[in-house]
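Okay, structure first, notes after.
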Amino acid sequence: MPELPEVETVRRGLRQAMEGEVIERVEQRRADLRFPLPRGFAARLTGRRVIAITRRAKYLLADLDDSSVLIMHLGMSGSFAVTLPDDAPVADGFAPPRRVLHEHVVFHMSGGARIGYRDPRRFGIMDIASADAISAHRLLADLGPEPLGSSFSAGCLNRRLAGKRTSIKAALLDQRIVAGLGNIYVNEALFRARIAPARPAHSLVRRRGPGQELSHLARAVKSVLREAIDAGGSSLRDHARTDGSLGYFQHAFAVYDREHGRCVRVECGGIVRREVQSGRATFWCPRCQR
DNA sequence: AATCTATCCTGTTAGC
DNA sequence: TGCTAACAGGATAGAT
């Protein structure tokens with residue numbers, strides 16, 4: 001589920017509960033998620049103080065006080081739930097704590113927070129790496145620029161899309177070109193930029209530097225991600241903030257999951273279409289996206 | 001080299 | 001109501 005805005009929302013929640021605190025205990029309830037958890041996973045984290053929770057693309061990174069880094073990816077269905085000591089249910093004796101289904105890892109923090117990682121489909125990832133080699137880690141090494149960073153721009157797209165014969169939609173989903181977009185936000189950004197998803201990527205490239213289309217596109221990517229972060233992400237099925245509250249950017253979708261809907265540009269009058277493009281649902285307004 | 005396809009896994013939902 | 005099939009926000013190994 002989670003794309004960059006959802007991961008960023010989760011990061012902000014984890015900061016509250018983890019930064020500056022010591023991981024006092026780790027419960028590991030299965031040996032693997034998408035990949036096997038590293039050897040000695042719980043032992044290597046126990047007693048470590050969390051210096052910072054950062055994000056690279058859709059990866060969450062917990063910098064620890066021994067120069068190691070806990071790398072976490074939510075895959076399609078991963079979520080974190082933070083329970084603070086104050087949240088403890090009043091002892092009325094009628095609500096025994098029910099074991100959460102598909103909760104695979106639990107961190108118990110020195111401040112009393114309980115942080116449960118739940119991931120029904122188990123496409124998520126956890127790994128521990130050394131801080132000095134973090135950007136060379138196999139999961140992070142090939143990632144393109146952060147779309148909200150200063151290195152991502154129309155000029156950057158102009159260079160990276162040159163000669164790409166694949167569709168602009170597939171290109172934006174490629175984490176090597178720009179890192180953090182997924183299916184929802186690619187659809188939304190292309191709508192904002194009024195670019196048809198099936199356009200060959202190279203057809204947007206201009207020899208002498210980025211043209212209007214890529215300028216619009218770079219701006220659209222940034223604006224849709226910023227607005228989604230401000231809304232706490234999009235809650236379709238799995239995504240919730242770490243306190244359980246829902247994001248609400250799904251109400252702002254212009255095209256995603258709006259097949260047969262009227263184009264939100266009222267003067268357009270087009271009808272949103274859905275088509276499967278390289279195996280993924282694509283939504284767009286054929287009238288204003290060209 | 002670039003680009004597609006199938007696949008990991010489970011839960012939800014659309015359709016019969 | 002109950003069953004089955006299709007589909008889901010990701011990423012990648014392997015085929016072409």
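Labels below follow one simple rule: chain letters A, B, ... track the order of the sequence lines, proteins then strands, and each chain is numbered from 1. Note that the structure is a prediction, hence the values are computed from the model and not measured.
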Derivation of the salt bridge (Lys or Arg N to Asp or Glu O under 4.0 Å) call for A:E8 and A:R15: CA-CA 11 Å; A:E8 177 61 22; A:R15 283 189 71 183; over 6 Å; no
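B:dC9 atom P lies 9 Å from atom CZ of A:R30, rounded to whole Å. Rounding to whole angstrom units, CG of residue A:L74 and P of B:dT10 are separated by 18 Å. To the nearest angstrom, C1' of B:dT10 lies 10 Å from CG of A:L101. Counting to the nearest Å, the P atom of B:dT3 and the CZ atom of A:R176 are 9 Å from each other.
Using a distance-only test at 3.5 Å, with no hydrogens or angles considered, a donor-acceptor pair links the side chain of A:N183 to the main chain of A:A281.
Base pairing analysis places C:dC3 opposite B:dG15; the two distances defining the Watson-Crick or G-U wobble pair are each below 3.5 Å.
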Summary of protein contacts for nucleotides 11-16 of chain C, nucleotide by nucleotide, where a base hit scores B, a sugar-phosphate-only hit scores S (4.0 Å, heavy atoms): BS----
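Using a 4.5 Å heavy-atom cutoff, the side chains of A:R176 and A:R160 are not in contact.
Between A:D65 and A:R48, at least one side-chain N (NZ, or NE/NH1/NH2) sits under 4.0 Å from a carboxylate O, which counts as a salt bridge. The existence of a salt bridge linking A:E213 and A:R194 is excluded, since no basic side-chain nitrogen approaches an acidic carboxylate oxygen closer than 4.0 Å.
Residue-level contact check: A:Y185 touches neither bases nor backbone, having no heavy atom under 4.0 Å from any strand. Residue A:A170 is out of contact with every strand shown, counting any heavy-atom pair closer than 4.0 Å.
In terms of position on DNA chain B, the residue among A:G163 and A:R122 whose nearest nucleotide sits closer to the 5' end is A:G163.
The side chain of A:H102 contributes an N or O atom lying less than 4.0 Å from OP1 or OP2 of B:dG11. For A:T166, no side-chain nitrogen or oxygen approaches OP1 or OP2 of B:dA2 to under 4.0 Å. At C:dA8, one or more side-chain N or O atoms of A:R274 fall inside 4.0 Å of OP1 or OP2 (strictly under the cut-off).
Aromatic ring orientation, A:F80 versus A:F107: parallel (interplanar angle below 30°, classes split at 30° and 60°).
Cation-pi geometry between A:R138 and A:F35 is met: the NZ or CZ atom falls under 6.0 Å from the ring centre, inside 45° of the normal.
Here B:dG11 is the nucleotide among B:dG11, C:dG10, B:dT3 with the atom lying nearest to any side-chain atom of A:P120.
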